[in-house]
Amino acid sequence: DGIFNTLIDGYATVRNEAEALRAFTRLKESGLVPNIRTFGPLMKLFAMEGKMGRVRELEDEMQLWGLEHNKVTLSTVMDGYVQLGEVQKAYETFKQLSGPRHRPDVVAYTNIIDAFAKGGDMDRALELLADMRRWGVKPNQSTWTVLIGGWGRQGNLQKAMETVREMRSSGLYPTVVTFQCIIQALCNTGQMVKAAAVVDEMEKVGVAPDIQLFTTLMDGYAQAGDVTRALEVFKKLKGMGKELDLQVYSALINALSKVGRMQSALAVVGELRAAGLRLNATVYNTLLDGWSRRGDVWEAAEVLEEMELDGVPPDVVSYTTFINACCKAGDMDKAVETFDLMRSKGIEPNLKTYTTLVDGWGSARFPNRAAAVYDEMLAAGLRPD
RNA sequence: AUCCAGAAAGAUAGCAC
């Protein structure tokens, strides 16, 4: 009976929205009745992308079929709000799970704890941890890792490590994700020596670092301006014979671009292509920024053109980066031209785009133009942060 | 081993610090 559900789930997993919806339509056209497992994957598909409007449509349709939310679908909805940073809405959804008939399970709790941890409200996160334990719901590795990640994001290594101890004393062991959260905390606080020590440590306790962890580490070195060590990590990864993905290459390209080593960055691009990977907008934007930092507006413009030719249309980050390059080079005409161009392509400038332009006019000593752009920003409904 | 419709981690832009 579940052939269409399986299909929908498969397409949802690979994020093929069109096919997933087509399978859903075919299910209904075949005279079959969708069930809660039909809706779950569809909701997840939209929730992951933050398309909560579409999620609500599915909720309505679910009702029409006489289906009620269960803990899985509600957790999915909650996760959508977490992705969007809408903590309050996430919490309201969470409360729907705490009716007289149901109690939130460990996934739901982990979800809501994650919402608060991501929002920086660790007090509330800990309250919910206490609450779940009060109800006899045992935190698992994900729950602990969410908390450790929350402390890590705040750069509170002390609390992060305390939480690791608490996790261990409850009989659970840190996973590679847990270690990665700790390493990220160390990187964010500039403690690269310790970060490297943690990697050694985890190898000793038998948790193998993976590509994502090495990417985090490389990025840490990049932020510290230590390209040499970033390159060492990359070489080590290659030596391990692991299959490298676009993000590792991208992190290295970023490390090189940030210090102006564009020829080396391009060499890495060559490697990436040789490995059968294609550049995406992030990688192109990284290169764009590299040229911008060198003050090379011409090369930056080349990258923009190349993106179009390669079928990777420039996005808001690309244009903002390029506008920044123009501003820094004192070419405000080109900056404004680009600003108009992006809008004509239907790409809405965001807060960073406006700030770049305002600042550009300011640096160029045209306070009136700066103020005009600022007003335009407000008129567009954007508030300065 | 269990589970597998739901939860945790990695790369790009501005200003301020």
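FYI, side chains are in, hydrogens and waters are out, and symmetry mates aren't considered; it's all heavy atoms of this structure. Note that the structure is a prediction, hence the values are computed from the model and not measured. Every chain is numbered from 1 and lettered A, B, ... according to where its sequence line falls, protein lines coming before strand lines.
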Given side chains that start at C-beta, do those of A/M62 and A/I36 come closer than 4.5 Å, heavy atoms only?
yes

Short side-chain N/O contact to B/G14 OP1/OP2 from A/R293, under 4.0 Å
yes

Indicate, with a heavy-atom threshold strictly under 4.0 Å, whether A/I36 touches base, sugar-phosphate, or nothing.
base

Have a look at A/V248 and say if it touches a base, only the backbone sugar-phosphate, or nothing, with a 4.0 Å heavy-atom cut-off.
base

Tell me: CG of A/L42 to P of B/A5, nearest whole Å?
14 Å

Are OP1 or OP2 of B/C15 and a side-chain N or O of A/K328 less than 4.0 angstrom apart?
yes

Over all strands shown, is A/I211 touching base, sugar-phosphate only, or nothing at heavy-atom distances under 4.0 angstrom?
base

Salt bridge present between A/R56 and A/D60 (N-O < 4.0 angstrom)
no

On the ring face of A/Y91, is A/R124 found with NZ or CZ under 6.0 Å from the centre and within 45° of the axis?
yes

Quick check on B/A7: is either OP1 or OP2 less than 4.0 Å from any side-chain nitrogen or oxygen of A/K44?
yes

Under 3.5 Å donor-acceptor pair, A/S250 side-chain atoms to B/A11 base atoms:
yes

Between B/C3 and B/A7 - C1' atom distance, rounded Å
14 Å

